[in-house]
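In what follows, a structure is listed as structure tokens, so that the remarks can point back to it.
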Amino acid sequence: MPRHDPHSYADLAQGRLRHLSFQLQADFGRHRLSGTAHYHLERPVAGPFDLDARDLEIQAVSDAAGRPLPHSLGTADPILGSRLRLADLAGANEFKIAFTTGPRAHALQWLTPAQTAGQRQPYLFTQCQPHHARTLFPCQDTPSVRFTYEAELRLPAPLQGVMAAAPQGSRPDGGDTVFRFRMPQPIPSYLFALAAGDLVSRDVGPRSRVYAEPELIEAAAWEFAQIEDMLVEAERLYGPYPWERYDMLVLPPSFPYGGMENARLTFLTPTMIVGDRSLTNLLAHELAHSWTGNLVTNATWEDFWLNEGWTTYAERRILGALEGEGSAMLHAATGRNTMFHDMRRFGWASDPTRLKYSQAGVDPEQVMSTIPYEKGYAFLVRLERLVGRPAFDAFTRRYIAAHRFQTITTEAFITLMRRELPQIFDRVDVHAWLYEPGFPDDAPAFESALVDDVSARLFDYQEGRLPQRRTVAGWNTAQIYLFLQYLPRVIPLEDCRAIESAFALDRTRVPYFLSHFLEIAVRSGLREALPRAENLVATVGRLLITRPVFQAIAETDWSRPHARPLLERIRGRLHPITVAELERVAANAGA
Ligand code: BES
Ligand code: ZN
């Protein structure tokens, strides 16, 4: 039976999940999440039914009446995990499974109090995208299957629980609290999410609230205060917000991403709280996923560019409306350069530089990069500039309306373009953009006075003139980031020190700057920077920030001997996703 998704054992010909009912409890001592799930199927299933499972202990599989159902757990594939086969559902449309997560479930990070802002309570959070939901509970772990759910989450008092769902209240029970949730809109498994910790909340808009540790709540509420303006703008572009509420959760610094668009409750890195709202493009991005991704979803991770390319496009449209096109183009220019870094990292003609290619046998996390985001974005801007914004916006709205709560493949998208925008096929090599490696010659250029200002100072630097504090004093965060990003990775030590001083990098609140600066410092041999570089890797989980710095430590002769000991020292504090990635970096560097 050919699988329809190379990253899942689900066989959609057997049937589909429709609704789950969870009873979960978190054991912070043993680092286990355990419980039962009652599964409801779209229709009765005769014969076997396959689920994805990984590092899970399956305690029992039974029918609705509690009678055991024969099942078998296949051997573990390094990428997919195991197939859990229920031998024969014999016409039933429901079943139950009792399970416990493994101690190193990829979807979970268990934090000690010392790893949180308040240092009083432990913290737990999930990250299921792309294929980690199967380490939490058995499921058809493919974006092509959607389900609604309700859940009870039992936590030791006084921890607060949140889920990417509608809260339904809580009750004390013994020394525990049982939190109840209901997810009325159907989601793919990768948007399942929960967190627990010392959490408080603050309303920041008529349909939005932010959750964070008490220490961060005020700063977070201020930083995210524009959320309603963003919602209004996004609705103007793409139609009514389809998930009722847009709430936000601030994670501890080890969160491995900038943001994660868990439906109804976006998860955000605390490193974006910088006190000037300059990194809220990240918020616009996660919000945009409410339409492009969560509502219209890539059929498999092979079509990831449809999620991220469209979301990057929508993010910059929201930003353009709120801050001006110049700001959107500044982010586009930065994004393109990050993409070129990624293309160089994978190789210019390598598969990951294609928007779509077969990922059978490929770990989706290993080929994760900004390429689907930025090449996808460039493709969409190419089309927009060809047909004009009004026509492109109308096309986008029809695309979203026609596929809401469904999935889309690249091939179905091409069919849609042939029908709706036939004129583009005479002018754009759509096939080359979507299937060929590298970056097409007809990519759109991104121009803005904000970018020109940075380019001029970069030119100065090439000519031997260092940036002066007063010439860059008026720059915004994205401009400084762009400047640092375009600097050569190896520069004279005096230049390192001068740049550090021009941008006051010794006391910056923006870890994103340090990512570039410390990479350059280590590669350039600025030995006094090593403790700061190590500290950044130890404390910031966001891979975009951490990977370049760790890679510099591992690849540079003088610092290489420090890479392994560093990784061993901090391993226990890092997110499992971060550990796996840094392991790959260390191995590639021979560290
Ligand atoms: N959905 C992604 C994060 C993700 C992608 C997690 C693939 C796991 C696998 C999220 O929307 C995202 O793209 N986050 C970006 C921020 C954005 C502004 C580019 C990130 O975390 O860097
Ligand atoms: Zn995204």
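- Between Leu191 and Met260 there is a side-chain heavy-atom pair separated by less than 4.5 Å.
- The backbone N or O of Asp198 sits nowhere less than 3.5 Å from a side-chain atom of Glu213 that would complete a donor-acceptor pair.
- Looking at every heavy atom in both residues, Met329 comes nearest to Ser448 through CB-CB, 3.9 Å.
- Under the 4.0 Å criterion applied to side-chain N and carboxylate O atoms, Arg564 and Glu583 are assigned as salt-bridge partners.
- Salt-bridge formation is detected for the pair Arg584/Glu581: a Lys NZ or Arg NE/NH1/NH2 atom is positioned less than 4.0 Å from an Asp or Glu carboxylate oxygen.
- Partner Phe125 forms a ring-ring contact (aromatic ring centres under 6.0 Å, His included) with one of Tyr257, Phe255, Phe267, Tyr211 and no other, that one being Phe255.
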Go through the steps for Glu261 and Thr311 under the test side chain to side chain contact (heavy atoms under 4.5 Å, CB included), then give the verdict.
CA-CA 11 Å; Glu261 67 272 24; Thr311 298; over 6 Å; no
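- For the residue pair Glu315 and His331, no side-chain donor N or O sits within less than 3.5 Å of a side-chain acceptor on the partner.
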Working note: Glu325 + Arg316, criterion salt bridge (charged side-chain N to carboxylate O under 4.0 Å, His left out); need CA distance, chi angles, decisive distance, verdict.
CA-CA 8 Å; Glu325 277 306 303; Arg316 293 186 183 142; over 6 Å; no
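- Screening Leu282, Leu514, Val540, Leu279 against Thr271 for a side-chain contact (heavy atoms from CB on, under 4.5 Å) leaves a single residue, Val540.
- Side chains of Phe413 and Leu306 form a contact here, defined as non-hydrogen atoms less than 4.5 Å apart.
- Side-chain atoms of Thr126 never come within 3.5 Å of backbone atoms of Cys128 as a donor-acceptor pair (strictly under, hydrogens ignored).
- For the atom pair OG1 of Thr556 and CZ of Arg523, the computed distance is 5.0 Å after rounding to the nearest 0.5 Å.
- Judged by distance alone, the side chain of Arg489 and the main-chain N or O of Ile520 form no donor-acceptor pair under 3.5 Å.
- Within the 4.5 Å cutoff, the side chain of His516 has no heavy atoms near those of the Phe483 side chain.
- In this structure, Thr300 contributes its side chain and Glu302 its backbone to a donor-acceptor pair below 3.5 Å.
- One distance of note links CG of Leu536 with CZ of Arg542; it measures 12.0 Å at 0.5 Å rounding.
- Residues Val381 and Phe446 meet the side-chain proximity criterion, which asks for heavy atoms closer than 4.5 Å.
- Closest approach of Ala164 and Asn262 over heavy atoms only: CB-CB, 3.7 Å.
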Step by step, work out the side chain to side chain contact (heavy atoms under 4.5 Å, CB included) result for Val430 and Leu434.
CA-CA 6 Å; Val430 171; Leu434 298 180; 3.7 Å; yes
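- Contact annotation: the side chain of Leu355 never approaches that of Thr410 to less than 4.5 Å [non-hydrogen atoms, C-beta and beyond].
- One distance of note links CZ of Arg427 with CZ of Arg382; it measures 7.0 Å at 0.5 Å rounding.
- Here the side chain of Tyr373 pairs no donor or acceptor atom with the backbone of Tyr377 at under 3.5 angstrom.
- Closest approach of Val250 and Ala220 over heavy atoms only: CG2-CB, 3.8 Å.
- Donor-acceptor pairing under 3.5 Å is recorded for the side chains of Gln109 and Ser254.
- Between the side chain of Arg469 and the main chain of Ser501, a donor-acceptor pair closer than 3.5 Å is present.
- Taking both residues in full, the closest heavy atoms of Ile491 and Asp495 are given as CD1-CB, 3.9 Å, listed atom of the first, atom of the second, then distance.
- The aromatic ring centroids of Phe517 and Phe503 lie 6.0 Å or more from each other.
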Derivation of the salt bridge (charged side-chain N to carboxylate O under 4.0 Å, His left out) call for Glu223 and Arg202
CA-CA 12 Å; Glu223 201 88 26; Arg202 176 85 60 87; over 6 Å; no
Begin from the C-alpha positions of Thr396 and Thr292 and carry the test side chain to side chain contact (heavy atoms under 4.5 Å, CB included) through to its verdict.
CA-CA 10 Å; Thr396 311; Thr292 51; 5.7 Å; no
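- Side-chain atoms of Arg344 and Trp348, non-hydrogen and from C-beta on, do get closer than 4.5 Å to each other.
- At least one side-chain heavy atom of Ile553 sits less than 4.5 Å from a side-chain heavy atom of Leu530.
- Checked by atom type and distance alone, the side chain of Asn476 pairs as donor or acceptor with a backbone atom of Gln479 at under 3.5 Å.
- The closest side-chain donor-acceptor pair between Tyr190 and Asn298, if any, does not fall under 3.5 angstrom.
- The structure places CG of Leu582 at 6.5 Å from CG of Leu543, a figure rounded to the nearest 0.5 Å.
- Between atom OG of residue Ser559 and atom CD of residue Glu534 there is a gap of 9.0 Å, rounded to the nearest 0.5 Å.
- Ion pairing of Asp247 with Arg264 is absent here, as no side-chain N (NZ or NE/NH1/NH2) approaches a carboxylate O to less than 4.0 Å.
- By the neighbour-count criterion of 12 heavy atoms within 6.0 Å, atom CD of Gln366 is densely surrounded, having more than that number from other residues, nucleotides or ligands.
- A pairwise comparison of heavy atoms in Leu237 and Arg397 identifies O-NH1, 2.9 Å as the closest pair.
- With no hydrogens or angles considered, a side-chain donor-acceptor pair links Gln115 and Thr112 at under 3.5 Å.
- Shown are Trp305, Phe392, Phe395, Trp291; of these, the ring-ring contact (aromatic ring centres under 6.0 Å, His included) with Tyr313 is made only by Phe392.
- A donor-acceptor pair under 3.5 Å links the side-chain atoms of Gln485 to the main chain of Thr334, judged by distance alone.
- Shown here for Leu383 and Met417, the closest heavy-atom pair between the two residues is CD1-SD, 3.7 Å.
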Side chain to side chain contact (heavy atoms under 4.5 Å, CB included) between Met272 and Phe224: does it pass, once the steps are laid out?
CA-CA 10 Å; Met272 70 172 288; Phe224 306 153; 3.6 Å; yes
Would you check, one step at a time, whether the test salt bridge (charged side-chain N to carboxylate O under 4.0 Å, His left out) holds for Glu323 with Arg277?
CA-CA 11 Å; Glu323 297 179 3; Arg277 296 183 184 150; over 6 Å; no
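- Distance alone, capped at 3.5 Å, places no donor-acceptor pair between the Glu228 side chain and the Ser208 backbone.
- With no hydrogens or angles considered, a side-chain donor-acceptor pair links Glu308 and His289 at under 3.5 Å.
- In this structure, the ring of Tyr238 has its center no less than 6.0 angstrom from the ring center of Trp310.
- At least one side-chain heavy atom of Phe346 sits less than 4.5 Å from a side-chain heavy atom of Ser369.
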Determine whether Glu568 and Arg571 satisfy the following criterion, salt bridge (charged side-chain N to carboxylate O under 4.0 Å, His left out), listing intermediate values before the conclusion.
CA-CA 5 Å; Glu568 296 317 318; Arg571 174 189 300 277; 2.9 Å; yes
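- Within the model, atoms OG1 of Thr353 and CG of Asp342 stand 11.0 Å from one another, a figure rounded to the nearest 0.5 Å.
- Under a 3.5 Å cut-off, the side chain of Arg560 and the backbone N or O of Glu555 do form a donor-acceptor pair.
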